[in-house]
Amino acid sequence: MVSEEVALQVIQQAICTLASWAGASLPDGCEISKEDTEHPAVTKAKDLLSWKKPEISYLELLFDAVKFPDSKERKFDPHYCPAVAIEASDNSYPSIPYPLTEPPDLEAYKTIVRTELENLEKKDWQNLSLLTLILEKYGSCLSFGEQNIALIDMVRSTAAVACALVDNPDANEIGLIAGDLSGIQKFIYTIASDGALKSLRARSFYLELVTEEIVQQLLEELELPRTNIIYAGGGNLYVLTSNNTTKVKAALDTIRERFNKWLKNTFQGKLFLAIDYLPVSTTALKTKEFADIWTQVTKNLAKQKLRKFEGDIHDFIQPKPSHEPCGVCHRDDLQSLKSLNHREPDSSSACWMCRTMFELGDELFDVKAIVRSKRSNIKGGVGRIYLPNFYYYFFSECEEALEVAKNDETVLLVNDWSIKKYHKNNTVLLLLGNYAQRSEEKEKYQKKAGFIRANEMAKKAEGIAKVGYLRMDVDRLGRIFAEGLGENQTLPRLAGLSRQMSYFFKVYLNSLAKKRKENLLEARKSVKILENTKCLTENDRPNLLFIYAGGDDLFVSGAWNEIVEFAFDVYQCFRAYTGKNPDITLSGGISIDIAKFPLYQAAKISGEAEEAAKGNGRDSLGLFGGKFKWDEWLGIQENWAVIDEEIRDYLSPEVKPDLWGIFPIVEPLKNLDINYSRSFIRNLLMTAEAQENMLAKIQDKSEEQQREIRYYLHLPKIAYTLARLPRQVRNNENFAPVRTSLKNPYNAPYFRAIATWLELLNR
């Protein structure tokens, strides 16, 4: 395939440049000879993206450059990416690379890169996948040409453009393909059954593979290598292609028809693939115009989704026989219902898809590699699924997958950055946000215990035995990509933003969940940007299960108190990872329920809490029936500005409390031995209810009256409650700031959240 040869030429040139920078001597056969002629498409692509003789240097944090046109002017010290390779020291997950306030010293890093490059073998020089992975692993923290463009992003973008121009290097246009698998929310969340957690996890994983298969078949139709993928995951994809209208439209029509026919038959039309493309002027690749086209092609997909399956309307309105509905997904068009878990006599009756997801959920914990093949009978492995024209086989050992795969079959290694495993062609990295705690309750039929279950999460919880469900996503992500980089929204930078966002949710969240001490508790001692991080406890909180994490959002379950702490950890780590840029924030929502509460309902409630947080001006968390800015939850006194300016003016005569917000008051009360804690907490709740009831009654009154109720009604009740505490508590020097702060009107809005949090911890 000519395009693959062109991509390989670009990647090889980048490897040689990296080797020269690191002072590495590439093995014989791993170099570009003077006789090798550069393909005209490569020359054109390098010229378009300003790759002439760019130098490798330290990398400035790209997130620093994000700023909305309507944002306030801000001054901040620039941040720099640490010079570290993406790898795990203990065969686990890579640690979070927090930005630095000074450029890193690259000399020690050169030694690391030199060692890796000198380990290359002659046969590796033609292995596009392996060479690209080396550049991604070692070149994600180095700049190439411009100070905030990473080496991997410049090289991949150049390879993608060259491949798009391979048939016509003089073309003035190429194409940008966008795809969106819609209906994911319904497919994942609207199920109710025993084993719902692992079934949802399996559905999430399944959709990642569907997205992967769409991209794979699209690349095969267009004869393009994987370097042309700008982003793929979570049902979304972006691919750079040529502007050969006939060829591209034919490929899109083939993919759209093939997959939507399969989606309609398999899922009753609940899932739908919208896919389209727009031409891109080659001069737009390094201007803001590229971001405009990115936005427009994404908007075009919405029009397709409004007309989904329009050619199949007759099939949908035809009367169909109805049967007993599946006990999991409720579809009623299938007769072949069987027990979801044939080992349990009272298990729900379920359709073939739900049974497949349930069985897959048992195996996912140990899946390390996946083989994509047209063969229907590969032996070994721990399971398989079928997607249009291909089977996906799952293996718990990478070596077994690599051994059984033929040269024309793809092996996907899950979250594995070990270069030595990629020496076989067609081996690619598959990133998944897939952290999970293993169950301690192995069933009789299992070789190993699977995922932790809801009842176990509840038992592991501190205080009340309940399960928490967290949903979070990045605020205004569309605006970040559409206008966040201003005039510098070039292809390499947008590819870099996409990659680094995806890394956080698919790579570093795994590490934060598994290695909290390393990524947060210990890191804040040495990483300046983490200095003011707040944690309620210093404990590990491993009792979590990632149902979905990728792209820019997540859905995680776990012991309720660990989920609450995890939410604050995620927020603070994400803000640090993005240089605390005020235009890059997260919002989230948490629901807390008993273990047997239907999972689809918990997902709905946490989603509503997240929407409430978005409605609070974003950068907020919905929890315990309230919605407040993260700084209010955390009590970051330096950020009083999160309180509305009119309220600040109204309260300005008051002395600011020693402790402000929710977290700073919960922390000492949680650790203080209060003999009358139940009555104390109950009185706090009663005070909150009195405020809320009174405010509901006087909604038609003036704002002045409403503010008096909200900020001052609590004073007599709180004074009475505090006076009834034992003398040894009232006189405790650690309790003094709590006592004065609770009586301060600045903290009046937070009583319900404070009391609810303490009540759940003390039950």
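Keep in mind that the numbers below use all heavy atoms, side chains included, and drop hydrogens, waters and symmetry copies.
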Practice problem: Could you walk me through whether I214 and L387 pass the side chain to side chain contact (heavy atoms under 4.5 Å, CB included) test, one step at a time? | Solution: CA-CA 10 Å; I214 292 169; L387 299 177; over 6 Å; no
Exercise. Show your working on side chain to side chain contact (heavy atoms under 4.5 Å, CB included) between C329 and M353 and close with a plain yes or no.
Key: CA-CA 9 Å; C329 68; M353 172 55 71; over 6 Å; no
Practice problem: Report the C-alpha distance between T298 and Y238 in whole Å, list the side-chain angles of each, state the deciding distance to 0.1 Å, and finish with yes or no for side-chain hydrogen bond (donor to acceptor under 3.5 Å, both in side chains). | Solution: CA-CA 9 Å; T298 304; Y238 293 90; 2.9 Å; yes
Quiz item: Run the salt bridge (Lys or Arg N to Asp or Glu O under 4.0 Å) check on R375 and E409 step by step: do they pass?
Solution: CA-CA 10 Å; R375 290 185 284 163; E409 295 173 339; 2.8 Å; yes
Exercise. Quick one: do Q296 and N300 satisfy side-chain hydrogen bond (donor to acceptor under 3.5 Å, both in side chains)? Show the steps, please.
Key: CA-CA 6 Å; Q296 186 56 54; N300 289 353; 2.9 Å; yes
Exercise. Could you walk me through whether Y93 and V507 pass side chain to side chain contact (heavy atoms under 4.5 Å, CB included), step by step?
Key: CA-CA 7 Å; Y93 299 110; V507 179; 5.9 Å; no
Exercise. Check the pair L176, L240 against side chain to side chain contact (heavy atoms under 4.5 Å, CB included), reporting the backbone distance first and the verdict last.
Key: CA-CA 5 Å; L176 176 64; L240 218 57; 4.0 Å; yes
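Checking side-chain atoms of E610 against main-chain N and O of G622 turns up no donor-acceptor pair under 3.5 Å. Judged purely by atom type and a 3.5 angstrom limit, R201 uses its side chain to pair as donor or acceptor with the backbone of N434. Although no hydrogens or angles enter the test, the distance criterion places a donor-acceptor pair under 3.5 Å between the side chain of K629 and the main chain of G617. A donor-acceptor pair under 3.5 Å links the side-chain atoms of S511 to the main chain of P94, judged by distance alone. Side-chain N or O atoms of T287 include one that pairs as donor or acceptor with a backbone N or O of E289 at under 3.5 Å. Using modelled atom types, one side-chain atom of N228 and one backbone atom of A160 make a donor-acceptor pair closer than 3.5 Å. Side-chain atoms of W630 come within 3.5 Å of backbone atoms of L586 as a donor-acceptor pair (strictly under, hydrogens ignored). A donor-acceptor distance shorter than 3.5 angstrom exists from the side chain of N581 to the backbone of V66, with no hydrogens or angles considered. Side chain of Q489 to backbone of A482: a donor-acceptor contact under 3.5 angstrom is found. Counting only distance, with no hydrogens or angles, the side chain of T211 and the backbone of G235 share a donor-acceptor pair below 3.5 Å.
Rounding to the nearest 0.5 Å gives a distance of 6.0 Å between CG of D180 and CG of L301. Rounding to the nearest 0.5 Å places OG of S182 at 9.0 Å from CG of L263. Atoms CG and OG, from D332 and S322 in turn, are 3.5 Å apart once rounded to the nearest 0.5 Å. Atom NZ of residue K286 and atom CG of residue L491 lie 12.0 Å apart, to the nearest 0.5 angstrom. One finds the CG atom of L623 at 4.5 Å from the CD1 atom of I590 (value rounded to the nearest 0.5 Å).
No cation-pi contact links K368 to F395, judged by a cut-off of 6.0 Å to the six-membered ring centre and 45° from its axis.
Annotation: side chain to side chain donor-acceptor pair (under 3.5 Å) contacts of R575 (sequence neighbours excluded): Y571. Listed by chain and number, the residues in a side-chain contact (heavy atoms from CB on, under 4.5 Å) with E359 amount to none (sequence neighbours excluded). Residues meeting the ring-ring contact (aromatic ring centres under 6.0 Å, His included) test with W417, sequence neighbours left out: none.
Nearest heavy-atom pair across F504 and V570 is CZ-O, 3.9 Å. Between T282 and A171 the shortest heavy-atom distance is CG2-O, 3.7 Å.
With ring centers used as reference points, F394 lies under 6.0 Å from F205. A centroid separation of 6.0 Å or more is found between the aromatic rings of Y548 and F555.
A side-chain hydrogen bond (donor to acceptor under 3.5 Å, both in side chains) check over residues 473-483, counting only residues at least two apart or in different chains, returns the pairs D70-R479, D473-K614, D475-T585, D475-S587, D475-K614, R479-E483. Sorted by first and then second residue, the salt bridge (charged side-chain N to carboxylate O under 4.0 Å, His left out) pairs with a member in residues 271-282 form an empty list; sequence neighbours excluded.
Counting heavy atoms of neighbouring residues, nucleotides and ligands inside a 6.0 Å radius, atom NZ of K604 does not exceed 12 of them. Shown here is K305, whose NZ atom has more than 12 heavy atoms of other residues, nucleotides or ligands within 6.0 Å. More than 12 heavy atoms of other shown residues, nucleotides or ligands fall within 6.0 angstrom of atom CD in E608.
Ring pair F574/Y577 is tilted by interplanar angle, where 30° to 60° counts as tilted. Using bins of under 30°, 30° to 60° and over 60° for the plane-to-plane angle, the ring pair F267/W262 lands in the perpendicular bin.
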Please list every donor-acceptor pair under 3.5 Å in which a side-chain atom of residues 215-222 meets a protein atom from a residue at least two apart or in another chain.
{"residue": "Q216", "atom": "NE2", "partner": "E212", "partner atom": "OE2", "Å": "3.2"}
{"residue": "Q217", "atom": "OE1", "partner": "R258", "partner atom": "NH1", "Å": "2.4"}
{"residue": "Q217", "atom": "NE2", "partner": "E213", "partner atom": "OE2", "Å": "2.6"}
{"residue": "Q217", "atom": "NE2", "partner": "P388", "partner atom": "O", "Å": "2.7"}
{"residue": "E220", "atom": "OE2", "partner": "R372", "partner atom": "NH1", "Å": "2.9"}
{"residue": "E220", "atom": "OE2", "partner": "R372", "partner atom": "NH2", "Å": "3.3"}
{"residue": "E221", "atom": "OE2", "partner": "R258", "partner atom": "NH2", "Å": "3.4"}

